[in-house]
Amino acid sequence: MRLFPLLLLFPAPLLLHPPSQEPAPGARTEEGNLENRTILPTAPEIQRLLEEGDTRIREERFGPGLEAWNRALGRAEELDRFVELDDRHLVGVREAIRRRVAALPAEAAAVWSSRAEAPAAAELEAAGSDEARLRKILEARPGTLAAARAALRLGDGAFERGETAASAALYRLAASAGDPATRNAAIARRSTAALLLEDRPEIDRLAAGAGDGPVEARGQTHTPMEWLGALEGALPAPPGPSGARLAIAWTPLAVPADADTPRALGFDPSPAVAEGEAFLQTRRFLYVCDLGSGTFAGKVDLEEVLPHRARGGEGRGIRRTRPAASGRTVAVVHGEASPTGAPSNALAVFERVRGGGSPLRLRWARLPGGGYVTPDGGRAKEERLDGFVFSEEPLLYGERLYCGLQRVSGEVASYLGCFDARSGEILFLRWLCTGSEFDPLLPRMQGRSASNVSGSGPVASGGVIFYGTNLGVVVALDAGSGECLLAYRTARRPPLEARENPRFADLGLGRPVAGPGGFAIAPGDSAFLYAFAFPGTPGSSPLLHPPQLLREASLYAGWWKDAHVFLANSGGEQNVAAVDPVLWRRIDSAPLGPDEAFLSADTDQPREPALARGRLFAASDRYLYVFDLSRELYMEAAIPPPIDPRTGLHGPGRAILGNLVAVPGGILSATPRSLVLYREARD
């Protein structure tokens, strides 16, 4: 489970008042000026047809109203676009119709049943197990029981082929629109997919909303709660906070600086972990480290495998590298965005191999200009990707790889791409929005056309991909089809304020966090924390609570049960705080060292905390702090860095304590210079 920081610690209040310029009438809310000019891919004619149908249904002319909705579905060339639910909240066309069908009054629902359900049921019976016909029902008959049952059959087929992410998305659809029997059957399948995907938030959501009807699983009949309980028993039990302590498992491993690469230490690495190994990416190399023995198993020279730009001149620079790892698969984005915004980096997937020379074998790669290294080692050209720059944080979710992309032409267009992690095939490439960007990390921008604010790195749960564009829009997409389940306009800081206020140069990019209620994010171009309900949750608003202004210098750690957890600087006092998201008040807090720095020594960016196994782990320039969240933020330990054998003294914390990543039974700390494992041990 990866949880991400948001903002840096500094003693003054975080926000200044907005500029004196008044917003347009009606554009001002508790978030301030919502003059968000980012463009989203809307479908005006479909919007008109849907609204026409709404009007007819309000007039109780149900037949013409439903016919208008069906005409909207007939505009196939626009079905990948968005429609507005209000001026901030947008969804995909089929999702908009599903929501309308669910809200129909009884008389209109009867007309819908006669006009849509009956023919859809006949189509489902004729389709049998033909996936092409089942998918046509799913696409052409949204909101029907037949579509839900088609999703269940398609999900079973995807699951049997090992396509766990796609099956999780289809089971979500089956559970959201079906009858009780279909929903309960989908619970068992969603639970199994969540177990295989190690998706704890999804398990928690299913446990909270499980029904009472019987489900068929593995040839036996269970209640949903019995099935979930069986799965919980199959999950490895994490060690609880009491009775366990952290011990340094091995001496820090020195990571060689990439001496021939400019600004070799000017970034913060964050390792990925899979099957007992850590994968650490520097500017040039991808290292493999065995966590059992504490030794490096080898490295790959990314410059040799993935030539990404002509040598000479300095690229824009990488703020943070975060590979993705799952099973034997490792994905990286390598390269730097150039000052002109020209495409200059590569997306690659490696396979872990044991024995022989290199520890990793290139499976496929997407190169600048649309170049494609195929799994058989051949070269091809993919015109759809010509001109794109990959964001720095890919996501492996089951058999799929998700990555943000940007295309720069005056303004920045933000996309999310989905690739088959096994073959490199593009499964979908979804345009999300286009807007003007500004970079709070680098206010001394080299040019307006520079692509220097990538997206926030996607996060997945329950068959849904959540992504922050850092262009004033956050989105949730169906992990299988890429359909938009949520697009939401967020408040943006005016560029002038970001440029003139030097504090904004210290803000970290917001990264989303999956929790039991949904997803939370504080976008890098905003000053608010947003928490969204999981798509399909009943309610008129997608927000779990109103957007919360981060008035203090805060470092967002994530969710613990129903509270948001921060590292904060309040009135000059550094502390850990758990905040009630509804009343936005502190439930509890614990002090931190007043003169310690929670920033990286190499980039002055926040050291990422980790929230796992009922604990919060946070690294300063002196200690690794451990807080027991189940005991009202009780501080278990403040652990100094390991002893340097050359001096007999504790090593310099600023060079050893870095970004934290939870691993089974321990915590990894990574800097550009070292990698340290802290392992839990029972007393």
Side-chain angles (χ1 to χ4, degrees), residues 31 34 36 38-43 46-47 50 79-103 142-143 165 168-169 172-173 175-177 201-202 205 395 397 402 404 414-416 418 428 430-433 435 455-492 510-523 525-526 528-547 559 581:
E31 296 164 79
L34 286 180
N36 186 335
T38 299
I39 299 169
L40 286 85
T42 55
I46 289 181
Q47 185 88 45
L50 294 179
L79 290 182
D80 285 339
R81 293 178 172 256
F82 307 162
V83 295
E84 292 184 350
L85 300 184
D86 56 45
D87 60 347
R88 303 186 65 182
H89 183 196
L90 300 88
V91 295
V93 177
R94 295 184 182 90
E95 179 69 10
I97 290 179
R98 290 188 200 102
R99 290 167 180 253
R100 283 167 162 81
V101 170
R172 181 195 63 80
L173 273 178
S176 64
E202 169 76 340
R205 278 190 298 272
L395 168 71
Y397 183 56
Y402 300 86
S414 179
Y415 291 72
L416 187 71
C418 174
F428 64 76
R430 191 70 69 235
W431 174 35
L432 306 177
C433 60
S456 60
V459 65
S461 181
V464 176
I465 305 298
F466 189 82
Y467 181 62
T469 65
N470 287 324
L471 291 174
V473 177
V474 295
V475 296
L477 303 180
D478 182 279
S481 66
E483 178 186 358
C484 177
L485 307 175
L486 164 77
Y488 194 86
R489 296 180 185 270
T490 58
R492 304 191 74 184
R511 293 180 176 86
V513 174
F519 301 94
I521 187 173
D525 64 349
S526 183
F528 289 84
L529 174 70
Y530 296 86
F532 296 91
F534 189 77
T537 303
S540 57
S541 172
L543 295 171
L544 288 173
H545 56 69
W559 265 332

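We're numbering straight along the sequence, starting at 1.
At least one side-chain heavy atom of Leu50 sits less than 4.5 Å from a side-chain heavy atom of Arg100. In this structure, Leu85 and Arg99 have side chains that are in contact, with non-hydrogen atoms separated by less than 4.5 Å. Residues Pro201 and Trp559 form no side-chain contact, since every pair of their non-hydrogen atoms from C-beta on lies 4.5 Å or further apart.
Contact between Ser461 and Glu202 at its shortest, heavy atoms only, is OG-N, 3.7 Å. The nearest pair of heavy atoms linking Tyr397 to Ile465 is CD2-CD1, 4.1 Å. Minimum interatomic distance between Leu529 and His545 (heavy atoms only, all atoms of both residues): O-CE1, 4.5 Å. In plain terms, the two heavy atoms of Arg205 and Gly518 that are nearest each other are NH1-N, 4.3 Å. Nearest heavy atoms, Pro41 versus Leu432: CD-O, 3.1 Å. What you find for Val93 and Val83 is that their closest heavy atoms are CG2-CG1, 4.2 Å.
Looking only at distances, no side-chain donor or acceptor of Arg94 sits under 3.5 Å from a matching main-chain atom of Pro142. Counting only distance, with no hydrogens or angles, the side chain of Tyr402 and the backbone of Val459 share no donor-acceptor pair below 3.5 Å. Without hydrogens or angle criteria, Gln47 side chain to Glu84 main chain gives a donor-acceptor distance under 3.5 Å. Here the side chain of Arg88 pairs a donor or acceptor atom with the backbone of Arg489 at under 3.5 angstrom. Judged by distance alone, with hydrogens and angles left aside, the side-chain atoms of Arg430 form no donor-acceptor pair with the main-chain N or O of Asp80 at under 3.5 Å. A donor-acceptor pair is defined here as one N or O able to donate and one able to accept, closer than 3.5 Å; such a pair exists between the side chain of Thr38 and the backbone of Leu471.
Ring geometry, Tyr530 versus Phe528: the interplanar angle falls from 30° to 60°, so the pair is classed tilted.
Tested against Leu486 for a side chain to side chain contact (heavy atoms under 4.5 Å, CB included), the candidates Phe519, Phe466, Phe82 yield a single pass: Phe466.
Between Trp431 atom CH2 and Leu416 atom CG the span is 15.0 Å, to the nearest 0.5 Å.
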